[in-house]
Amino acid sequence: MFLELEKEVEQVLREALEKASYEYKELEAGLDLEESEHADIASRVAFSLARAYKQPPEIVAADIVNHLEIPAEHTLISNAVAAGPYINFYVNEFFLHKTLQRIKEGIEPAKKKDKIIIEHTSANPDGPLHIGHLRNAIIGDVLVRVLKRAGYDVETHFYVNDMGKQIGIVVWGAERIALTENKKADHAIADVYIAANRMVEENSAFLKDVESLMRKYEAGDEVVTKKYETVVKKCLSGIQASLNRLNILHDLFVWESEFVREGAVEEVIEELKQKGNIKFDSSGSALLVQLEGIDKELVIQRTDGTSLYTARDLAYHRWKSNRCDRVIDVFGKDHELVSQQLAKALQILGVKVPEFVIFEFVSLPTGSLSTRAGRYISADELMEKIEARAYNEVNKRRRDLNEDKKREIARKVGIGALRYDMVKVSPDKHIVFDFKDALDIEKKGAPFIQYSHARACSILRAAEEQGFSMEDYEPTLLKENSEKELIKKLSKFWYIVEEASSELKPHLVAKYARELAESFNLFYKDCPVLNANEELRKARLVLVECAKIVLSDTLDVLGIEAPEEM
RNA sequence: GGGCUCGUGGCUUAGCUUGGAUAAAGCACCGGCCUUCUAAGCCGGGGAUCGCGGGUUCGAAUCCCGCCGAGUCCGCCA
C-alpha cells in the first residue's frame, strides 16, 4: 500500500508545484520523496527548488504546502505540513484500512513481463559446499525469491564446472583412491581431491595423466566421459542435499561440457576470430582476445587447442541470453575482472550483457578458504552445529514439547539463523567467519522474527479455540500508536520487495523483517487482543492475522521457515 | 606496481548510488518489567572527532583528490 501512497503524494505534489508555478520537471532529483522518522513520507523537493529560484527552502516548502490540495475522497493522505524545508505527509485512516484489507484478501501487484535467468552457487563439483559458497547460495536464493515476488518469471541455474583441471584431478584420483564409505558423497570426493592434488603436486608425471584425461573428455571419449559423469554426479548429489537442507532449489543444472559437445564453444571461438581483436601468445598457439578498456587480454584457448572456461562461459551465456530477457550472475569478488571480460566479449558477439551481483569474500581467521588445501568449513558442519545449538535453546524453553516438535523447531530456527546472518550483511562487506559468532543465535536475527510470528499464531490459535470471530471488524477502533505503526510497517512489504528487486539488494529484506518484528512486538506488549472487548478484539485479531501473513511472507522471501510455535 | 571493494560507539552492522531534520540498530555493559495472548520479549541508561588529511557546497558519513590500513584480482585454474 505504501507504493500507492507514494504515487498519490507524487501526484498531489505535482499539482501543487504547478499551481505555485514551479518548473519541477527540470529537477534532477525529481520530487525527492523519502521515508522519514518525522512523517509517513516526506519530500525534500524544496531544497532543489530553493536553489533554482534563489529562495530559502523553508519559504519554498511553505509556499508549496499553501498550494497543496488534498482531494476530498479516496485519498490516502490526511494532511501535509511544511516542517522547515521539508514537506511532511501523513496518512489517513482510509490508508490504514485499505492496507489491512489488501493483506487479508491477498491482493498482489501485477506480474512483470521479463523472464530472468539467475545463476548462483555454481560450486565446483570437487567437494562439499563451504561457507564461501553458502554466502553465494543464500544471496542468490534470496534474490530469486525477491524477484519472483516482484512478479518476474525466474529460472535458476547451477552451472556445473565439469571440465576444469580440478575435476580432472578428482577423476584421476578416483581411479586410484577408494571413496570413504558411509561418508556423504561430496565429502568423500573432497578427500580424494585433496589427496590426489597432493600426489600431482609431488610428481609432475601425474599431471600429464590428468591433462590427458581432460583432452579425452573434451574430445568426447566414451569411457572417460562415463568416469567423469560418475564422479561429478556423485559430488552434485551431496551438494544438492546440502542446498535442499537450506531450502535452496535450482531449476536447472547446466554442465559446461554440453557446450563443448554441441559445438557451441567452437562456434563462439570462430565468431570471436572474425569479430574480435584476436592475438596469439608468444608461442603462437594460445588464443587471446583483446578487449576494449581492459588491460588484460582474455585467453580463450590453450596451446594444446583445448578450450578454456572463458570460452565455455561465453557459449553458456549466449545460450542463456536467448532464453530470457535478463541474465543475472551471482559471483564472488575474485570473479570481478573475469565478469568484466565476459561482458566485453559478449558485446563483441552481440549478446546482451549480464547483470552481476558481486559479493565479497568469506575468510577464516587463519586465512582464505581453499577446498584443495582442505582449509574450509563445510556448510554441512555449520548446519549440524547450529541446529544442535538451536535444539539446546528450544529444549531449555519448551520442555513441554515432544521430541519431534523440538527437533523441527530447532531445524527451522537453526537454518533460519544461518540464512539471516548471511543475508543481512551487504554483499560488498568482507566477512571473517567466526564459529562463535555464527552459533550465537541469541542475537536479534531470524529467531527474533520467527518468534514474533509464533506469537501471532498463538493468539490466532487461542481465538479460534474460543470461537472468536473477525467478521465485520471495525478498523477505526485501531487507534493506538503501536497499532497504527504496525499497519504502516505492514504497508511497506511490497515497497521493500520492489526496492530489493530493482536494486538487487537482498539485505534490504532482512532489515525490513527485523523492523516488522519489532513493530509487532511493540503492539503485542501494548495491546491485549483476547481480553479486549468484543469489537476491539475483532479489529485487533484482524491486525494480528495481517501481521502473521506479512511476517510469514517476509520470512519466505528470506527463505526462512516460519514456525507456528517455538 | 595497477584495478576493484571495504574502513561508522568495545564488537558486528544500516545509512553512501540520488548530499539535507538530533548519525540508526544489534551484541556486550548498567538499571527496571513475568497474578493478562510464549520474557527467543519490552522499557530506560552510558558509550561515535563516521580511518586520516584536504577540497566542492548554504550544508558532507554520503561527492572529488591524496594518504594509511584490510581483502581480492592481475594470459593458457574456475
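Basis for what follows: all heavy atoms, side chains included, without hydrogens, waters or symmetry-related copies. Naming convention: chains lettered A, B, ... in sequence-line order (proteins, then strands); numbering from 1 in each chain. Just so you know, these numbers come straight off a predicted model, no measurement behind them.
Atom pair A/Leu337:CG and B/U72:P shows a separation of 16 Å (rounding to whole Å applied). Counting to the nearest Å, the C1' atom of B/A40 and the CD1 atom of A/Ile449 are 12 Å from each other. Atom CG of A/Leu298 is separated from atom P of B/C74 by 12 Å (rounded to the nearest Å). In this structure, CG of A/Asp329 is placed 17 Å from P of B/A78, rounded to the nearest angstrom. In this structure, A/Glu58 places its CD atom 10 Å from C1' of B/C58, rounding to the nearest Å. Nucleotide B/A78 holds its C1' atom 13 Å from the NE2 atom of A/His317, rounded to whole Å. Protein atom NE2 of A/His430 is 12 Å distant from nucleotide atom P of B/U12, rounded to whole Å.
Across all strands, A/Ala42 comes closer than 4.0 Å to base atoms (heavy-atom distances). Backbone-only engagement by A/Glu256 is indicated by non-hydrogen atom pairs under 4.0 Å involving sugar-phosphate atoms exclusively. Nucleic acid contact class of A/Val432 (heavy atoms, under 4.0 Å, all strands): none. Within the 4.0 angstrom heavy-atom criterion, base atoms lie near A/Ala454. Contacts of A/Lys511 with the nucleic acid, taken as non-hydrogen atoms under 4.0 Å apart, involve only primed sugar atoms and P, OP1 or OP2. In this structure, A/Gly84 reaches neither bases nor backbone, as no heavy-atom distance under 4.0 Å exists between it and the strands shown.
Shown here, B/G75 is classed syn by the O4'-C1'-N9-C4 or O4'-C1'-N1-C2 angle, which is within 90° of 0. B/C34 shows a glycosidic angle within 90° of 0 and is accordingly assigned syn.
A/Trp172 and A/Phe206 have tilted rings, their planes meeting at an angle from 30° to 60° on a 0 to 90° scale.
The stretch residues 513-526 of chain A comes close to RNA chain B through A/Arg514, A/Asn521, A/Leu522, A/Tyr524, A/Lys525, each having a heavy atom under 4.0 Å from the strand.
Checking the phosphate oxygens (OP1, OP2) of B/A14, a side-chain nitrogen or oxygen of A/Lys429 falls inside 4.0 Å. The phosphate of B/A40 has neither OP1 nor OP2 within less than 4.0 Å of any side-chain N or O from A/Arg455. Listed pair A/Arg312 / B/A78 meets the phosphate criterion, a side-chain N or O lying under 4.0 Å from OP1 or OP2. An OP1 or OP2 oxygen of B/G41 is reached within less than 4.0 angstrom by no side-chain nitrogen or oxygen of A/Arg397. Contact annotation: A/Arg537 side-chain N/O to B/C37 OP1/OP2 distance is not under 4.0 Å.
A/Ser122 and A/Glu119 are linked by a side-chain donor-acceptor pair at a separation below 3.5 angstrom, with hydrogens and angles left out of the test. Under 3.5 Å, the side chains of A/Asp162 and A/Tyr217 contain a donor-acceptor pair of N or O atoms. Between the side chains of A/Arg375 and A/Ser370, no donor-acceptor pair is found at a separation under 3.5 Å.
Closest contact between the side chain of A/Val425 and the listed nucleotides B/U13, B/A21, B/U72 involves B/U13.
When the P atom is compared between B/C52 and B/A48, the two are found 14 Å apart, to the nearest whole Å. Spacing of P atoms, B/C6 relative to B/U57, comes out at 26 Å, to the nearest Å. The separation of B/U22 from B/G59, taken at their C1' atoms, amounts to 16 Å, rounded to a whole angstrom. Taking atom P in both B/C50 and B/C43, one finds a spacing of 29 Å when rounded to whole Å.
Checked against a 6.0 Å centroid threshold, the rings of A/His250 and A/His120 count as neighbours.
A salt bridge links A/Arg398 with A/Asp400; the closest basic N to acidic carboxylate O contact falls under 4.0 Å.
Between the side chain of A/Thr310 and the base of B/A78, no donor-acceptor pair of N or O atoms lies under 3.5 Å.
Evaluated for a side chain to side chain contact (heavy atoms under 4.5 Å, CB included) with A/Val423, the options A/Leu143, A/Leu508, A/Ile138, A/Ile560 yield exactly one hit, A/Ile138.
With hydrogens and angles ignored, the 3.5 Å screen pairs a side-chain donor or acceptor of A/Asn136 with a backbone N or O of A/Thr121.
Partner assigned to B/G59 is none, using Watson-Crick or G-U wobble distances below 3.5 angstrom. Here B/U5 sits opposite B/A70 as a Watson-Crick or G-U wobble pair (both hydrogen-bonding atom distances under 3.5 Å).
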